[in-house]
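Comments concern the structure below.
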Amino acid sequence: QVRLVESGGGSVQVGGSLRLSCAASGDTYNRRCMGWFRQAPGMEREGVASIYTPAGSTRYADSVKGRFTISQDSATNTVYLQMVSLKPEDTGMYYCAAKPDGGYCRPSAPSVDFGFWGQGTQVTVSS
């Protein structure tokens with residue numbers, strides 16, 4: 001089993017920055033692919049970034065490329081999402097997720113493939 005706990009959300013103005021954290025526990029096999037997803041009210045959940053933890057390789061959705069950075073600290077089993085130049089459309093609940101299959105570790109991977117989820121952390125960007 002895997003347990004994921006997100007933190008770091010908050011309210012910022014346009015152009016601001018936030019760093020989200022996802023503290024993970026449980027067997028590493030089920031955490032080979034870690035992803036950050038977000039969901040705005042009335043919208044579908046979308047993947048924004050992913051990291052294949054054995055190699056540290058990362059992928060991003062086009063909407064956040066160049067502004068968001070996913071990273072990991074293997075010593076603390078924590079995955080981060082650094083967000084800069086935030087826009088109102090970045091507003092939403094942000095979730096950390098994990099799956100064992102590293103074969104398609106991309107933010108475009110179906111969210112249903114991720115078997116482990118955190119409780120989410122709210123990000124609000126206001127103009």
Side-chain angles (χ1 to χ4, degrees):
Q1 289 297 315
V2 172
R3 183 168 182 256
L4 305 173
V5 180
E6 303 98 331
S7 62
S11 296
V12 297
Q13 293 192 322
V14 169
S17 302
L18 283 172
R19 187 177 79 158
L20 307 183
S21 299
C22 174
S25 60
D27 62 274
T28 56
Y29 177 81
N30 283 320
R31 293 189 273 121
R32 290 198 296 171
C33 178
M34 300 284 293
W36 282 99
F37 291 75
R38 66 186 180 190
Q39 187 167 21
M43 303 291 285
E44 290 188 1
R45 190 170 295 187
E46 66 166 332
V48 297
S50 63
I51 184 166
Y52 177 57
T53 57
S57 50
T58 60
R59 300 269 187 172
Y60 299 92
D62 288 343
S63 58
V64 306
K65 204 170 290 184
R67 300 187 299 120
F68 290 12
T69 303
I70 188 171
S71 63
Q72 63 177 341
D73 183 339
S74 300
T76 61
N77 292 322
T78 303
V79 173
Y80 299 100
L81 186 69
Q82 178 69 50
M83 307 184 293
V84 302
S85 302
L86 283 162
K87 306 175 181 180
E89 51 264 42
D90 295 318
T91 294
M93 186 70 78
Y94 281 69
Y95 299 91
C96 177
K99 67 185 181 92
D101 178 14
Y104 193 76
C105 187
R106 300 183 181 188
S108 57
S111 60
V112 294
D113 289 353
F114 289 79
F116 304 97
W117 292 83
Q119 82 289 348
T121 185
Q122 177 69 35
V123 171
T124 303
V125 184
S126 57
S127 55

Gap between atom CD of E46 and atom CD of E44 - 0.5 Å precision: 10.0 Å
Shortest non-hydrogen contact from G120 to M93? C-SD, 3.7 Å
Okay, side chain of Q39, backbone of G92: is any donor-acceptor separation there less than 3.5 Å? no
Restricting to non-hydrogen atoms, name the atom on D113 and the atom on K99 that form the minimum distance, rounded to 0.1 Å. O-CB, 3.5 Å
Can we call the ring centroids of Y95 and F114 under 6.0 Å apart? no
More than 12 foreign heavy atoms under 6.0 Å from CD of Q13: is that the case here? no
Find out whether the Lys NZ or Arg CZ of R19 is both under 6.0 angstrom from the six-membered ring centre of Y80 and within 45° of the ring's axis. yes
Hey, does the side chain of E6 reach the backbone of Q119 with a donor-acceptor pair shorter than 3.5 angstrom? yes
Does CD in E89 sit with more than 12 non-hydrogen atoms of other residues, nucleotides or ligands closer than 6.0 Å? yes
So does T76 get a backbone contact from the side chain of T78, meaning a donor-acceptor N/O pair under 3.5 Å? yes
Can you list the other members of the hydrophobic cluster that holds V14, where links are side-chain heavy atoms under 4.5 angstrom apart? V2, L4, V12, L18, L20, M34, W36, V48, I51, Y60, V64, F68, I70, V79, L81, M83, L86, Y94, F116, V123, V125
Write down the atom of A61, the atom of P107, and the distance for their closest heavy-atom approach. N-CG, 3.7 Å
Is there a side chain to side chain contact (heavy atoms under 4.5 Å, CB included) between C22 and R31 once you walk through the steps? CA-CA 12 Å; C22 174; R31 293 189 273 121; over 6 Å; no
Would you indicate whether the side-chain heavy atoms of T121 and S7 approach each other to under 4.5 Å? no
Between Q72 and G56 the two heavy atoms that sit nearest each other are NE2-CA, 3.7 Å
Note, R59 side chain near C105 side chain (heavy atom, < 4.5 Å): no
I would like to know whether K65 and D62 meet salt bridge (Lys or Arg N to Asp or Glu O under 4.0 Å); could you show each step before the answer? CA-CA 5 Å; K65 204 170 290 184; D62 288 343; 3.1 Å; yes
